[in-house]
Amino acid sequence: MHANLFLSMEYNFSEIEKKWQKAWEENGVYTVSNESDKPHYYVLDMFPYPSGAGLHVGHPLGYIASDIYSRYKRLKGFNVLHPMGFDSYGLPAEQYAIQTGQHPEKTTFENIDRYISQLKKIGFCYDWNREVRTCDPKFYKWTQWAFVQMFNSYFDPKTQKAQPISKLIAEFEANDPKWATLSEREKQERLMNYRIAYLADTKVNWCPKLGTVLANDEVSEGLSVRGGYPVEQRVMRQWCLRVSAYAGRLLEGLERIDWTESLKETQRNWIGRSEGAEMQFAVKGQDAPFTIFTTRADTVFGVTFMVLAPESEYVQRVVTPEQKAEVDAYLARCKNRTERERIADRKVTGVFTGSYAINPLTQGEIPIYISDYVLAGYGTGAIMAVPAHDSRDYAFAKHFNLPIIPLIEGADVSEESFDAKEGKMINSGFLNGMEVKDAIQAMKEYITNTGIGRVKVNYRLRDAIFSRQRYWGEPFPVYYKDGMPYTLPEESLPLELPEVSAFLPTETGEPPLGNAAIWAWDEKNKKVVDKSLIDNKTIFPLELCTMPGFAGSSAYYLRYMDPHNDQALVDKNVNAYWRQVDLYLGGSEHATGHLIYSRFWNKFLYDLGYICEDEPFKKLINQGMIQGRSNFVYRYIGEGATGNLYISYNLIENPEYKDKVQPIHVNVNIVNNDVLDINAFRAWMPEFKNAEFVFADGTSSELTGYTAGAKQYICGWAVEKMSKSMFNVVNPDDVIAKFGADTLRLYEMFLGPLEMSKPWDTNGIDGVHRFLKRLWNMYENITDEEPTKEELRSLHKLIKKITWDIENFSFNTSIPAFMIAQNELSALKCSKRAILEPIAVLLAPYAPHIAEEMWHRCQAIGKKVSSENFIDLQASLDEVRSFVVNAEWPECNEAYLVEDTQKYPVQFNGKVRFTLECPKDTPKEEVEKLVLAHEDTSKYLAGNTPKKIIVVPGRIVNIVM
RNA sequence: GCGGCAUUGGCGGAAUUGGUAGACGCGCCAGACUUAGGAUCUGGUUCCGAAAGGAGUGAAAGUUCGAGUCUUUUAUGCCGCACCA
């Protein structure tokens, strides 16, 4: 007996899905070529970190949307690149390794395998030949390569471009006589100030007990979140990337990309451009002035004190011997606080340095203070304080009893500062009478002309710290000679992650790579050798830090274009074909991290001429989060409670139970339509084994001796994050087993608009599953009859709708459109190939498996294959060697949509009273006459004469009385 | 504090250029079939009202013949940023 496809009309989704997934794979249907006459289109999903928990039903949302779009583009005749890979370096695997001793690679690969099998079941059109993993040496070779390029480059402010560092060296040699006199080390130190990847001393949260650096959100109130150990601020030499150099271009580039306004705004805020002025303030009794940055140059006449950041290099210069002890005490206090704590604590603190600055305009002497409300990392780390017009300065002035001089007419500064940039200037010398806006401009000109300062643009964006004291990341291709870093030659890449005896920091506090025995660089033989051989002559120590998570994800989209190329990150011609990602889909949580870093990385590679586009992601869409929908049972905790009795949700407001129940999360997988599966609940956990219930009807299981049956226990519910601890995680594998991948795909889209966050509620899934079944039934006896006008109208309405929906990423509205078409056509008892075949193509992006099956049924009819022949699966495949995947998207013929008549809703004073049907293209005047002649019109006019009759052709009639 | 997004039946949501608010689905109600069912099919389902009719898209105001949609104010929720000079 052959595998019987077409005789049984039951919708056997698991057979259908398995069959076509296999057929697609065997025929390489999703393999994408870099050479094609077709127009190119690149659809990318943000690649996942393969966590140990596997995919839940929220993860594939964006993947399904991008898959629909990819399949649509393909049907429209594009060569579509749609790859998938794994962001596979990261902390969870390392943490797990520390706990269990298992190598992170092992667990990572296991997790990836699980992800792949889960993803494959959903039927995505990924070209798996192009899969990348960031932890694969073949991949991270190019991460390391990019780092070396950054090390060997500097940012030229004149051209606003990265340039080879050799150019800078040549410039030094030509123009700076001192250069030649410098030692090799001194030269290297000087170059370090320019390199795009550079070493710098940075402040980090150091936890001595854990022997590691912690991120800000891993620290709470001076203690590590994990373990609760003390955390101190420590200066460490770390690799940094000069992202800030690109601030201007990163900001400007936003104008040219099609991202949501909210995302662009987030990036603008993050980059934080502010236009202001740098000004010199002389210090009384000293030669050297110091420089401050201000956006309110117009307020110089109101400066009553100066403030330095505690870390400012000016501090030691201006502190007087009398004040030294007090200043040192204050600095010590600041040092032990994390940046976050300083921000969180809004108490005014500060200390007087003992010195005075001279106001360059009034020549008045003003005291210089130190306070941690001024940040070292922004501007120059020093400010002029104008308490009348800045709330932070105001608070400080009040606290230390410093004068407050109002500079704007009518501004009341007795209670708070006047921060708005509006009004007329007073107390401001030559600025008096000007509007603030003009005063800022006038002052900028003044300071430029007099040379006491200059106009300056400042950015908030900081350089990225690029070192991590971790094991599971890309090693830096760097070794140290005389304390200075040198990069490995390009041909020696990748520098592979070594084996270590332990994944923890060493006893001396070195990063985990300090545990590697074979971790030294033999410069002569260009290979990694045993650490014991280090002689600092030809064999040198290698860098012990690894790169952070964003390293591997910053250019992966380029690698997909040419994933097996071992000569280049991406071949120039290949890059010139695909150019950039046309559509990028992912979560908004990456708005400031990944999406800034990869734009930076891309611009850098663009500057060096390796790639042809300045921006990586042309269009970007954020999919919303899928939230969980939790269920609760209510344990009775009132008088006489046994801790064993659960009250049905509909009763908990009754006086006897009100405030006497405790909600407990219950596994959503043993709840159906909010009705608890009693037996499953009793079996779920030992503590519920003897659970008794008060059911929805008020009867109690104790009394009835109930075990399972018709009585219902109703659960409460709430929308919460989808997480294990809430017992509301739904696994796509389970959904697929029960309903099939096509139903899952459809339902995910049906839930709501792509960009919105929305709760997952498995309850509604029956609806779309039923729809697929009904549609499926229409493909039983397909005929070649001529379709009727009505059938064609249904079809073309659908074509128009689905096309519009996909072009506008409105996937949720497509499912109802399919349902409506199915309803209409099944009412017409339509079984015609001319209708059903295009519908299969329309459905293919959304539900590819069932669509493929439907399409082949139609094809078989068309080819007049005898029924004996196409009963056999393989025979039918051999016979019809094409797939719906490669079909052609149907065109909407507007002619079919034209109706003969026009229905006009007729409003009286804006309220619809009846509808009038008249022939299409009835002239306005005629419609008006028809309405007035209508039998009901006089009733609604109620004796009034119409003041005005509005007829919008093809739309509506409104009679104003 | 700043910025962004949202708010429509019992629930998810639809309404694409301002033109019949509540499509479609879930749930619920009634019926049919089947003697259990969480199967299938048919009809109903915004609210108030027996009906006629009235009210209605978080709230208030405005523009308009006409507002869920545009404008202003405001409330609530979610997300992001935050002593940025």
Side-chain angles (χ1 to χ4, degrees), chain A residues 260-270 272-274 276 292-296 299 307 339 342-346 348 371-375 377-386 389-393 395-396 419 458-461 588-589 591-592 622 624-625 627 629 672-675 677 709-710 717 719 747 750-753 755-768 770-771 773-774 801 804-805 808 810 812-820 823 903-915 946-952 954-961:
Chain A
T260 59
E261 201 41 50
S262 78
L263 188 53
K264 287 200 215 178
E265 199 53 35
T266 305
Q267 291 221 340
R268 281 188 202 110
N269 290 339
W270 191 259
R273 181 182 198 273
S274 57
I292 60 99
F293 175 73
T294 180
T295 52
R296 291 296 302 273
T299 59
V307 187
E339 190 169 334
R342 272 168 64 172
I343 290 165
D345 186 2
R346 284 175 182 269
V348 176
S371 176
D372 63 4
Y373 81 88
V374 174
L375 304 179
Y378 187 76
T380 60
I383 62 154
M384 59 177 216
V386 186
H389 302 288
D390 182 290
S391 50
R392 294 151 302 170
D393 296 347
F396 194 87
D419 291 13
N458 236 319
Y459 295 96
R460 192 180 80 100
L461 186 70
S588 55
E589 67 273 20
T592 48
N622 289 128
M625 280 239 299
Q627 296 153 308
R629 186 181 187 276
N672 197 296
N673 288 335
D674 294 334
V675 176
D677 180 334
W717 61 275
V719 172
Y747 188 57
F750 186 64
L751 278 177
E755 299 94 329
M756 301 278 147
S757 68
K758 58 242 163 192
W760 176 272
D761 181 359
T762 309
N763 289 335
I765 201 167
D766 298 318
V768 292
R770 272 199 284 265
F771 152 70
K773 266 199 236 175
R774 288 190 203 120
K801 173 74 179 147
W804 193 92
D805 280 352
N808 292 280
S810 173
N812 55 318
T813 51
S814 292
I815 320 302
F818 280 119
M819 289 171 170
I820 290 165
N823 278 333
K903 276 190 187 131
Y904 281 100
V906 181
Q907 298 181 331
F908 291 78
N909 280 348
K911 287 193 199 318
V912 179
R913 296 304 184 178
F914 58 84
T915 53
K947 277 193 199 126
K948 200 172 169 187
I949 301 175
I950 290 142
V951 178
V952 185
R955 287 276 184 201
I956 205 164
V957 178
N958 192 7
I959 297 172
V960 188
M961 299 184 286

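Labels below follow one simple rule: chain letters A, B, ... track the order of the sequence lines, proteins then strands, and each chain is numbered from 1.
Look at A/K948 and you'll find a side-chain N or O under 4.0 angstrom from OP1 or OP2 of B/rC65. Within the 4.0 Å cut-off from OP1 or OP2 of B/rC41, at least one side-chain nitrogen or oxygen of A/R774 is found. A close approach under 4.0 Å does occur between a side-chain nitrogen or oxygen of A/N673 and OP1 or OP2 of B/rG27. An OP1 or OP2 oxygen of B/rG4 is reached within less than 4.0 angstrom by no side-chain nitrogen or oxygen of A/T260.
Nucleotides of RNA chain B nearest to A/D766 and A/V960 differ in position, and the one nearer the 5' end is that of A/D766. Each of A/Y747 and A/R392 lies near RNA chain B, and the nucleotide nearest A/Y747 is the one positioned closer to the 5' end.
B/rG9: glycosidic angle within 90° of 0, hence syn.
Considering only the side chain of A/F293, B/rA85 comes nearest among B/rA85, B/rU20, B/rU17. Residue A/P753 places its side chain closer to B/rG13 than to any other of B/rG13, B/rU16, B/rA39. Of the candidates B/rA6, B/rC41, B/rG38, the closest approach to any side-chain atom of A/R770 belongs to B/rC41. For A/Q907, counting side-chain heavy atoms from C-beta on, the closest listed nucleotide (B/rU20, B/rA85, B/rG12) is B/rU20. Candidate nucleotides B/rA6, B/rG54, B/rG38 were compared by shortest atom distance to the side chain of A/M756, and B/rA6 ranks first. Comparing B/rC24, B/rA85, B/rA82 against the side chain of A/W270 picks out B/rA82 as the nearest. In this structure, the nucleotide among B/rU20, B/rG38, B/rA85 sitting nearest to the side chain of A/I956 is B/rU20. Listed nucleotides B/rG66, B/rG25, B/rC26 differ in distance to A/N763; the shortest reach to its side chain belongs to B/rC26. Across B/rG12, B/rC65, B/rA85, the shortest atom-to-atom separation from the side chain of A/T295 is found for B/rA85. The listed nucleotides are B/rG13, B/rA85, B/rG4; the one nearest the side chain of A/I383 is B/rA85.
Across the strands present, B/rG22 finds no partner; the criterion is a Watson-Crick or G-U wobble pair with both atom distances under 3.5 angstrom. Partner assigned to B/rU17 is none, using Watson-Crick or G-U wobble distances below 3.5 angstrom. Here B/rC70 sits opposite B/rG62 as a Watson-Crick or G-U wobble pair (both hydrogen-bonding atom distances under 3.5 Å). Under the Watson-Crick or G-U wobble criterion, with both distances below 3.5 Å, B/rC78 is paired with B/rG4. Here B/rG43 sits opposite B/rC29 as a Watson-Crick or G-U wobble pair (both hydrogen-bonding atom distances under 3.5 Å). Look at B/rA36: it lacks any Watson-Crick or wobble partner with both distances under 3.5 angstrom.
As judged by a 4.0 angstrom heavy-atom cut-off over every strand, A/D761 is placed among residues making no nucleic acid contact. Counting non-hydrogen atoms under 4.0 angstrom, A/D805 reaches nothing in the nucleic acid. The residue A/R273 sits apart from the nucleic acid: no heavy atom pair falls under 4.0 Å. Heavy atoms of A/R268 sit nowhere under 4.0 angstrom from any nucleic acid atom.
For B/rU16, the base has a donor-acceptor partner in the side chain of A/K801 [N/O atoms by modelled type, under 3.5 angstrom]. Put simply, the side chain of A/R955 and the base of B/rU17 share a donor and an acceptor less than 3.5 Å apart.
A distance of about 26 Å separates the C1' atoms of B/rG9 and B/rC70, rounded to the whole Å. B/rU46 and B/rC28 have their C1' atoms separated by 14 Å, given to the nearest Å. A gap of 41 Å separates the C1' atoms of B/rG77 and B/rA39, to the nearest Å. The gap from the C1' atom of B/rU57 to that of B/rU8 amounts to 4 Å, rounded to the nearest Å. Taking atom P on both B/rU71 and B/rU7, the two are 15 Å apart, rounded to the nearest angstrom. Rounded to whole Å, the separation between the P atoms of B/rG25 and B/rU40 comes to 14 Å. Of the C1' atoms belonging to B/rU69 and B/rU63, the separation is 14 Å, rounded to the nearest Å. Comparing the P positions of B/rA23 and B/rC11 gives an interatomic distance of 15 Å, to the nearest angstrom.
Scanning all heavy atoms of the two residues, the minimum distance from A/Y378 to A/S274 falls at OH-OG, 2.6 Å. Heavy atoms only, all atoms of each residue included: A/V386 and A/D393 are closest at N-OD2, 2.9 Å. The two residues A/D805 and A/S814 make their nearest non-hydrogen contact at OD2-OG, 2.8 Å.
Not one N or O on the side chain of A/N808 forms a donor-acceptor pair closer than 3.5 Å with the backbone of A/S810.
The aromatic rings of A/F914 and A/F908 lie tilted to each other, with the angle between the two planes from 30° to 60°. The aromatic rings of A/Y373 and A/F396 lie tilted to each other, with the angle between the two planes from 30° to 60°.
Rounded to an integer number of Å, the gap from CG of A/N622 to P of B/rA6 is 13 Å.
In this structure, the separation between OH on A/Y904 and OG1 on A/T915 is 12.5 Å, given to the nearest 0.5 Å.
The existence of a salt bridge linking A/D419 and A/R296 is excluded, since no basic side-chain nitrogen approaches an acidic carboxylate oxygen closer than 4.0 Å.
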